[in-house]
2 protein chains.
Amino acid sequence: MKQQKKYNISVEATLEVIGGKWKCVILCHLTHGKKRTSELKRLMPDITQKMLTQQLRELEEDGVINRIVYNQVPPKVEYELSEYGWSLKGILDSLCAWGEKHIAKVYGSMDVLEENVLNEHLK
Amino acid sequence: MKQQKKYNISVEATLEVIGGKWKCVILCHLTHGKKRTSELKRLMPDITQKMLTQQLRELEEDGVINRIVYNQVPPKVEYELSEYGWSLKGILDSLCAWGEKHIAKVYGSMDVLEENVLNEHLK
DNA sequence: TAATATAGGTACTTATAAGTGCCTGTAAAG
DNA sequence: CTTTACAGGCACTTATAAGTACCTATATTA
């Protein structure tokens with residue numbers, strides 16, 4: 001049991017787990033399946049190696065992702081949503097969907113979305 | 001139309017609007033109805049006046065809340081979700097609900113949630 | 001008559017989040 | 001035989017988010 005702490009509203013607890021610049025992005029990618037570190041890095045060209053590792057550690061510590069280490073050389077590590085992490089699926093999907101609509105509203109088109117595997121369904 | 005910008009995944013656009021330490025909290029409170037600045041301040045004891053105003057301005061600029069000014073002295077200003085803001089209702093509710101479950105999981109009880117109007121349904 | 005509530009603004013400072021650069025070790029490919 | 005991919009660690013620096021302190025103006029209340 002963690003040290004006592006007070007929240008004024010429950011959403012603060014959620015933000016402690018998935019808040020920040022990168023965590024939702026990482027989790028969204030993981031809703032599409034297990035990913036290796038290098039795959040995640042390619043999917044998020046702007047994240048630094050350090051931030052990626054750091055965020056993955058924190059997500060793991062909060063129990064929303066699993067880290068799978070294969071004992072081989074060169075090293076292979078995969079990340080996946082844990083069972084607990086899958087309980088965020090609805091939220092993550094909604095966040096992505098809202099973002100798409102917001103982009104359409106603000107920019108009038110989807111041109112600001114980089115073309116990649118995840119955005120295939122928009123074409 | 002805003003200046004062109006690239007997103008790698010649509011959730012990034014969502015986070016530009018509701019990301020950060022306070023915006024989701026403010027919006028959650030507003031899903032329970034129109035609120036005056038001072039009411040919001042009381043609901044969020046840890047936010048500073050400056051941050052509250054700043055976040056409200058940004059939310060207004062992004063079109064998710066409306067600012068209603070009554071021309072009277074002492075001044076009266078109310079904030080409410082805009083029609084566009086209401087499209088976030090599902091997400092905000094889910095974030096709160098997940099937070100409640102997370103608190104129960106991590107702390108084993110709801111004791112870390114301050115008792116206030118919003119958390120009445122938990123007793 | 002002095003304090004309080006109201007909704008802020010502004011300059012400055014601090015805390016935290018994020019980024020940079022350089023390092024490990026090995027196997028396979030060029 | 002040098003380079004690349006792989007998954008990181010660590011010290012240091014910078015950017016951004018957030019906080020502090022002090023200011024405006026007025027009507028009502030104690």
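Residue numbers begin at 1 in each chain, while the letters A, B, ... track the order of the sequences. If you're wondering where the values come from, they're calculated on a predicted model, not measured in any experiment.
With sequence neighbours excluded, no residue forms a salt bridge (charged side-chain N to carboxylate O under 4.0 Å, His left out) with Lys50(B). Shown here are the side chain to side chain donor-acceptor pair (under 3.5 Å) partners of Glu39(A), two or more places apart in sequence or in another chain: there are none. Scanning for side chain to side chain donor-acceptor pair (under 3.5 Å) contacts around Thr53(A) gives Gln49(A), with sequence neighbours left out. Legend: residues meeting side chain to side chain donor-acceptor pair (under 3.5 Å) with Arg67(A), ordered by chain and number and at least two apart, are Tyr79(A). When the side chain to side chain contact (heavy atoms under 4.5 Å, CB included) test is applied to Lys41(B), the partners found at least two apart in sequence or on another chain are Ile47(B), Leu52(B). Every residue two or more places apart in sequence or in another chain that forms a salt bridge (charged side-chain N to carboxylate O under 4.0 Å, His left out) with Lys23(A) is listed here: Glu58(A). A search for side chain to side chain donor-acceptor pair (under 3.5 Å) contacts involving Glu78(B) returns Tyr70(B), not counting sequence neighbours.
Within residues 33-41 of chain A, no residue is approached by DNA chain C to less than 4.0 Å at the level of any non-hydrogen atom.
Tyr79(B) comes within 4.0 angstrom of the backbone, heavy atoms only, and of no base.
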Show the distances under 3.5 angstrom between N or O atoms of the protein and N or O atoms of nucleotides 15-23 of chain C.
from    : atom 1 : to       : atom 2 : distance (Å)
dA18(C) : OP1    : Lys21(A) : N      : 3.0
dG19(C) : OP1    : Lys21(A) : NZ     : 3.4
dG19(C) : OP2    : Trp22(A) : NE1    : 3.4
dG19(C) : N7     : Lys50(A) : NZ     : 3.0
dG19(C) : O6     : Lys50(A) : NZ     : 2.1

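The separation between Leu15(A) atom CG and dA18(D) atom P is 11 Å, rounded to whole Å. Rounded to whole Å, atom P of dG8(C) lies 13 Å from atom NZ of Lys76(B). Whole-Å rounding puts the Leu52(B) CG to dG9(C) P distance at 11 Å.
For the salt bridge (charged side-chain N to carboxylate O under 4.0 Å, His left out) condition, the pairs that include at least one residue of residues 79-93 of chain B, sequence neighbours left out, are Lys89(B)-Asp93(B). Applying the ring-ring contact (aromatic ring centres under 6.0 Å, His included) rule to pairs touching residues 87-106 of chain A yields Trp98(A)-His102(A), Trp98(A)-Tyr84(B), His102(A)-Tyr84(B), sequence neighbours excluded.
Cys24(B) and Val11(A) get closest at one heavy-atom pair: CB-CG2, 4.3 Å.
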Using a 4.0 Å cut-off on protein heavy atoms (strictly under), produce a 5'-to-3' string for nucleotides 24-30 of chain D with B for base contact, S for backbone-only sugar-phosphate contact, and - for none. --SS---
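Distances shorter than 4.0 Å separate none of the side-chain N or O atoms of Arg57(B) from OP1 or OP2 on dA7(C).
Looking at Thr14(B), its side chain does come within 3.5 Å of a backbone N or O of Leu95(A) through a donor-acceptor pair.
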